[in-house]
Engineer: 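I have a structure here, written as structure tokens, and I will follow up with some questions on it.
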Amino acid sequence: MKPEVLLVGTMLPMVVSELESTYVLHHHEDPDDPSGLPEDVRGRVRALVTYGAVGARRPVLEVLPKLEIVACFAVGTDAVDVVHCRGRGIPVTNTPDVLTECVADMALALLLAVQRRIVAGDTYVRQGRWLEANMPLSRRMGKHRAGIFGMGRIGQAVARRLLPFGCEVHYCGPNAKPELPYTYHRDLAAMAAAVDFLILTCPGGAATRHAVDRRVLDALGPRGTLINVSRGSVVDEAALVAALTEGRLGQAGLDVFADEPRVPEALLGLENVVLQPHAGSGTEETREAMGRLVLDNLAAHFAGRPLLTPV
Ligand code: 8YV
């Protein structure tokens, strides 16, 4: 008898087709409302598969009495009710490591795009404005001070990429990491005041919610650059929009937002902002590796082997 698996939200086609061939697969869209899930299915589901933004929340988890595992297609499990799962002895797996380099690449790509005004320059050429005048100058990438909020795997991969540009690396997080050759700050606003670039690579969730508020943005200042490849929840988005429109913050490169896929209207008209549709891990290679890890964790669970990447 094939185990029954519930897929909440959408998923890479490669993962869906392998789930379909290995398990009895059920689909469900709304992570907050289980009402569309038939009673008999609820009683048979043994695994739940989801991705970062959708997660696995209490209303759906609570109607699955036979649930044995939650496999999340993301490194960030802030949308999974891990506390509820722990209480029921349900392991949660995520997809660390395989996405580290691509997410760090996105942080650097956004930083370069913002500093060198790559998107504005592209528009400038396409609109024929170069024929009339040279474009205003941008700012250099190198020899700046960069502050990384969250010096985990992704933060360290960003730091490694900044060094060849001659950037000085600072970081902030719950603990100093004396093994790293970077400057530690316990206080985020103090770090923001000491750097030119503030790059967010920390986990989302309650501990970091709105950590980047008006005070931090003002400390970064009118020549400062904010890059966010972590979670929209880390930034007070209204404060960010106000700081950018009022010129209290220089520029921003954003891959993540508070209410994805909705992006504040005010950001769409700003030339000093570069936007991405939460695409940090979105390369064919990385998404494939993330999918593989989801499938391998499920296979390990049902074969009674140790999980590859439990949270
Ligand atoms: C994904 C992510 O974009 O790993 C994470 O935490 O946010 C992402 O890699 C997402 O889960 C895929 O849709």
Side-chain angles (χ1 to χ4, degrees), residues 6-19 27-31 47-57 60 69-82 85 92-110 148-158 173 199-209 211-212 227-235 237 253-263 275-298 307-311:
L6 181 66
L7 173 59
V8 182
T10 51
M11 184 62 55
L12 203 64
M14 165 284 244
V15 177
V16 177
S17 64
E18 201 165 318
L19 287 174
H27 296 262
H28 182 69
E29 282 308 315
D30 191 339
L48 188 155
V49 175
T50 185
Y51 66 96
V54 163
R57 304 207 268 267
V60 169
I69 181 169
V70 172
C72 185
F73 180 85
V75 67
T77 52
D78 47 298
V80 175
D81 193 335
V82 178
C85 292
V92 176
T93 66
N94 66 345
T95 61
D97 302 315
V98 294
L99 47 65
T100 300
E101 304 301 325
C102 277
V103 177
D105 287 347
M106 177 60 85
L108 261 284
L110 282 171
I148 299 176
F149 183 44
M151 195 45 107
R153 286 170 284 228
I154 296 171
Q156 290 177 41
V158 171
I199 304 167
L200 311 180
T201 54
C202 60
T208 56
R209 189 179 150 73
V212 177
I227 301 295
N228 191 3
V229 292
S230 66
R231 285 289 183 267
S233 62
V234 180
V235 178
E237 207 166 66
L254 307 170
D255 187 39
V256 289
F257 303 88
D259 184 27
E260 295 173 9
R262 280 159 291 276
V263 173
L275 306 168
Q276 284 291 300
H278 197 148
S281 70
T283 62
E284 292 174 9
E285 298 86 345
T286 288
R287 288 283 167 86
E288 173 108 17
M290 291 164 67
R292 197 65 266 150
L293 206 41
V294 166
L295 295 165
D296 290 350
N297 273 304
L298 286 183
L307 298 171
L308 283 84
T309 50
V311 171

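We count residues from 1, following the sequence as given. Only this structure's heavy atoms are used, side chains among them; waters, hydrogens and symmetry mates stay out. As the structure lists them, so they are numbered: ligands from 1, and atoms in each ligand from 1.
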Engineer: For Val256, what residues pass the side-chain contact (heavy atoms from CB on, under 4.5 Å) criterion, not counting sequence neighbours?
Structural biologist: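 If we apply the side-chain contact (heavy atoms from CB on, under 4.5 Å) test to Val256, skipping adjacent residues, the hits are Asn228, Glu260, His278.
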
Engineer: Taking 4.0 Å as the limit for heavy-atom contacts, which would you say applies to Asn94 with ligand 1: side chain only, backbone only, both, or neither?
Structural biologist: neither

Engineer: Among all the protein's non-hydrogen atoms, which is closest to atom 4 (O) of ligand 1, and how far away is it?
Structural biologist: Val75 N, 2.7 Å

Engineer: Any side-chain heavy atom of Tyr51 within less than 4.5 Å of one from Met11?
Structural biologist: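 Counting from C-beta outward, Tyr51 and Met11 do come under 4.5 Å.
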
Engineer: Do Thr50 and Pro31 have side chains that approach each other closer than 4.5 Å (heavy atoms only, starting at C-beta)?
Structural biologist: no

Engineer: Only heavy atoms of Arg231, strictly under 4.0 Å: list the atoms of ligand 1 that pass.
Structural biologist: 2 (C), 5 (C), 6 (O), 7 (O)

Engineer: Does Leu48 reach the side chain of His28, with side-chain heavy atoms less than 4.5 Å apart?
Structural biologist: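 No, every pair of side-chain atoms sits at 4.5 Å or beyond.
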
Engineer: Which protein heavy atom lies closest to atom 13 (O) of ligand 1, and at what distance to 0.1 Å?
Structural biologist: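 Here the closest protein heavy atom is Tyr51 CD1, 3.3 Å.
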
Engineer: Would you mind listing which atoms of ligand 1 come within a distance below 4.0 Å of any non-hydrogen atom of Ser281?
Structural biologist: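 Every atom of ligand 1 under 4.0 Å from some heavy atom of Ser281: 1 (C), 3 (O), 8 (C), 9 (O).
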
Engineer: Counting heavy atoms only, name the option from Glu260, Arg287, His278 that's nearest to atom 2 (C) of ligand 1.
Structural biologist: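 Closest candidate by heavy-atom distance is His278.
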
Engineer: May I ask you to check if ligand 1 and Thr95 share an N or O to N or O distance below 3.5 Å?
Structural biologist: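 Looking only at distances, the answer is no, because the N/O contact criterion of under 3.5 Å is not met.
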
Engineer: Taking 4.0 angstrom as the limit and counting only heavy atoms of Leu99, give me the atoms of ligand 1 inside it, by number and element.
Structural biologist: 4 (O), 9 (O)

Engineer: Near Gly52, which atoms of ligand 1 are under 4.0 Å from a heavy atom of that residue?
Structural biologist: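 Answer, ordered by atom number: 11 (O).
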
Engineer: Examine Met290 against ligand 1 and note whether any of their N/O atoms are separated by less than 3.5 Å.
Structural biologist: no

Engineer: I'd like to check Arg287 versus Ser281 (side-chain heavy atoms, cut-off strictly below 4.5 Å). Are they in contact?
Structural biologist: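 Yes - at least one pair of side-chain heavy atoms lies under 4.5 Å apart.
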
Engineer: As an exercise, state the distance from CG of Leu12 to CD of Glu284, rounded to the nearest 0.5 Å.
Structural biologist: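 Nearest 0.5 Å value for the CG-CD distance: 10.0 Å.
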
Engineer: Give the atoms of ligand 1, by number and element, whose distance to some non-hydrogen atom of Gly76 is under 4.0 Å.
Structural biologist: 4 (O), 5 (C), 6 (O)

Engineer: Is the closest side-chain heavy-atom distance between Val311 and Val80 below 4.5 Å?
Structural biologist: no

Engineer: Measure Ala74 to ligand 1 on non-hydrogen atoms and call it side chain, backbone, both or neither using the 4.0 Å cut-off.
Structural biologist: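 Both backbone and side chain.
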
Engineer: Between Val229 and Thr201, is any pair of side-chain heavy atoms under 4.5 Å apart?
Structural biologist: yes

Engineer: Below the 3.5 angstrom mark, is there an N/O of Phe73, backbone or side chain, next to an N/O of ligand 1?
Structural biologist: yes

Engineer: Check whether any side-chain heavy atom of Glu101 lies under 4.5 Å from a side-chain heavy atom of Thr286, and answer yes or no.
Structural biologist: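 Sidechains of Thr286 and Glu101: no contact.
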
